[in-house]
Participant: 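Here it is, the structure in full.
In what follows, chains carry the letters A, B, and so on, assigned in the order in which the sequence lines appear, proteins first and then strands, with residues in each chain numbered from 1.
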Protein chains: 2
Amino acid sequence: MVSNDAVTLVEVGPRDGFQPIGPLIPTATKIDYVTRLYDAGVRRMEATAFVSDRAVPQLADAAEVLTASQALPGLAVQVLVPNQRYCDKAIEAGATFISFVLSVSEKHNMNNVRRTTQDSVEEYARLVAGLPAGTRLRLNLATSFDCPFDGAVDPQAVIALLDQLVPIRSDAEIALCDTTGRTTPSHVRALFADAIARHAGPSWAFHGHDTYGLGVANVLAAHDAGARVFDSSFAGLGGCPFAPGATGNVATEDVVWTFGKMGISSGIDLDRLLDVAEDGVTIAGALSGGRVRNALHSQRCATGIA
Amino acid sequence: MVSNDAVTLVEVGPRDGFQPIGPLIPTATKIDYVTRLYDAGVRRMEATAFVSDRAVPQLADAAEVLTASQALPGLAVQVLVPNQRYCDKAIEAGATFISFVLSVSEKHNMNNVRRTTQDSVEEYARLVAGLPAGTRLRLNLATSFDCPFDGAVDPQAVIALLDQLVPIRSDAEIALCDTTGRTTPSHVRALFADAIARHAGPSWAFHGHDTYGLGVANVLAAHDAGARVFDSSFAGLGGCPFAPGATGNVATEDVVWTFGKMGISSGIDLDRLLDVAEDGVTIAGALSGGRVRNALHSQRCATGIA
């Protein structure tokens, strides 16, 4: 199972990680984290989201963070948008890589973006049609495995939705998201295998949370099935304000360490990343996660690395 | 990959979990934990070890804990011994299930049991020859994947050692142990597949630590390759005093939850186990681990379960 194929990690800490934090993080501090993550080797990042300031005051500075992130050479900067209106704002602010989200679960979609899943599918089609030429696109399918309100999600519902969504833009990157962290590697492996076998066009990504300790295990299962793009958050920051009990995203340092042990490159320097992650846990109001940071901390101190 | 085959969990908390705890846990408290774990459905347990009182004062009450544990109907109670002398003491105290340990890594074996690996192999052969008829046997191969002193362990060294060890008693249960928690699922899957293909006689077990967050992922990899017996520790208690940086065993509640989600029975009642685990973290001097306990804690409180 060991492979030397490189993987792409999408650092979602500045969006998914910062989003649920109550105390406002100064914009300059956010940009400093983005820059340090870039310096550690991160080359894809979900830097912010264009969403309602009222619903998510923490991300009200999206335009500034976007501009600063896009100034870093070679960094692919995606921004999350929930609908056409906020997509327009993102494009106006200079975004060149849009991340759209809809949920397989009706209840979660209603809670997250206040419309039915089918309405979101139609919104996605309109949004794709209106994107400026050359705009890159990520489609996030939230609750692809499990819903905080309804529990396990039928894989056939995901496949049926993909049959609608993939033809809308067959070269989009599609992330199947474990929103709650409650799925298991066997479920992840099976759904990715089915989706990939059915739709060769998209590139496939996995977005998972580590609430039940299976974050990295699920990443590896998606990798086994052919996914090569993985979302993760430095220091395991994250959570979903609309998914009760869902704590952090899988920690970037845990994913980098694990792939590294398997001889699979993520292009990220673990030591530099750990320095950023150690600081990330100190952000006021942050909920951190992951294991590798603590496991390596004493060694790093003992050998004078940190 | 979903299977309905049942798995056997060996609860090692009362041995591996209690062993590194400094403050002495009263014998009655230990027996209470053993009993409550049994009441939650545990049917195999490493209840204690017969080792030097001076080296491990926490387990000086081994004989009492053994007697009380063996009084529980249907509970298979194994006790760890490092050599012939302590095996004799265990048998004398009434043990009917011996767990012997040796390390693939010379340095770790020297640190752990103060002799070369080859001397331990010969000790194992003598010990097996002298066991009373009907005594069950578990052989733990420590550092089968990674050594705290020497890093990654060559799989061929493990296979060569198994070629010596398996014929000594071909129906023993053999545990390949990830002593440091630094191995990856791909390594675990490959080594178990090789070992099982080569030696059909033994039943195969996996003993892992969760230091780097891969405890459950490695359990699932061993399961994929055919292992059906897994060591785990309630509340993720554990660690190895001779393996610097190795924190807790994989948490029993994490393993029970994960297999449960996959439709695989461990025979253990998660709610009752969680009650014991929540108390386990409060033991003075204990280092706890695992994720599921915290993830479910708020839900259990909210619904009045705990």
Participant: Quick one: what part of Thr258(B) sits under 4.5 Å from any heavy atom of chain A, side chain, backbone, both or neither?
Facilitator: both
Participant: Of all heavy-atom pairs between Thr211(A) and Arg291(B), which one has the smallest distance, and what is that distance?
Facilitator: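 It is O-CB, 3.7 Å.
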Participant: Please lay out, stage by stage, how Thr184(B) and Phe259(A) fare under the test side chain to side chain contact (heavy atoms under 4.5 Å, CB included).
Facilitator: CA-CA 9 Å; Thr184(B) 57; Phe259(A) 277 129; over 6 Å; no
Participant: What pair of heavy atoms forms the shortest contact from Lys261(B) to Arg182(A), and how long is it?
Facilitator: CE-O, 2.9 Å
Participant: I need the minimum non-hydrogen distance between Gly181(A) and Trp257(B), along with the two atoms involved.
Facilitator: O-CH2, 4.3 Å
Participant: I'd like to know which of Asp254(A), Leu214(A), Asn218(A) tops the heavy-atom pair count under 4.5 Å against chain B.
Facilitator: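 If we count pairs closer than 4.5 Å to chain B, Leu214(A) comes out on top.
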